[in-house]
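For the single chain, residues carry numbers from 1 onward in sequence order. All values below were derived from every heavy atom in this structure, side-chain atoms included, with hydrogens, water molecules and symmetry-related copies excluded.
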Amino acid sequence: MRAPSPRSRLLAVLAAAVLLPASPAAASLTDAGGAPVEGTDWSSPLAQIVGDPGCVGTAAGAGCRVLAEPGTPDDDGAAALAALGPAGAPD
């Protein structure tokens with residue numbers, strides 16, 4: 001009996017890889033303990049919604065926080081503004 005050629009071995013491995021069922025992907029990311037991480041399920045876009053946004057409407061919810069303090073150069077000292085250079089100077 002003749003030994004199979006390297007080409008036929010490669011074809012057999014490729015055929016097995018294509019025909020064997022792959023394991024399904026997880027529906028969401030998991031933490032180190034194996035528990036699903038909230039809001040990472042990609043089965044549908046609605047599955048990624050954890051809850052209502054914290055800053056909806058006029059009443060701020062528990063998750064509402066200021067991301068940045070608005071400010072103007074008028075708030076800064078003259079020395080700080082002078083260190084930045086003239087406003088019309090190219091960067």
Side-chain angles (χ1 to χ4, degrees):
M1 185 167 163
R2 224 173 79 188
S5 69
R7 177 179 279 176
S8 64
R9 286 186 208 154
L10 176 65
L11 287 175
V13 169
L14 289 175
V18 169
L19 296 177
L20 290 177
S23 61
S28 63
L29 299 177
T30 56
D31 62 11
V37 177
E38 189 176 25
T40 60
D41 185 358
W42 54 77
S43 61
S44 75
L46 292 176
Q48 297 177 359
I49 298 174
V50 176
D52 289 335
C55 300
V56 173
T58 57
C64 187
R65 61 188 169 94
V66 177
L67 299 178
E69 288 292 332
T72 65
D74 295 335
D75 298 1
D76 299 329
L81 292 175
L84 295 174
D91 290 333

- Determine the minimum heavy-atom distance between Val37 and Asp31, stating which atoms define it. CG2-N, 3.8 Å
- Message: For a quick test of reading the model, state the closest non-hydrogen atom pair linking Leu29 to Thr40 and the distance between them.
- Response: N-OG1, 3.2 Å
- Item | Members sharing Val13's hydrophobic cluster (side chains within less than 4.5 Å) | none
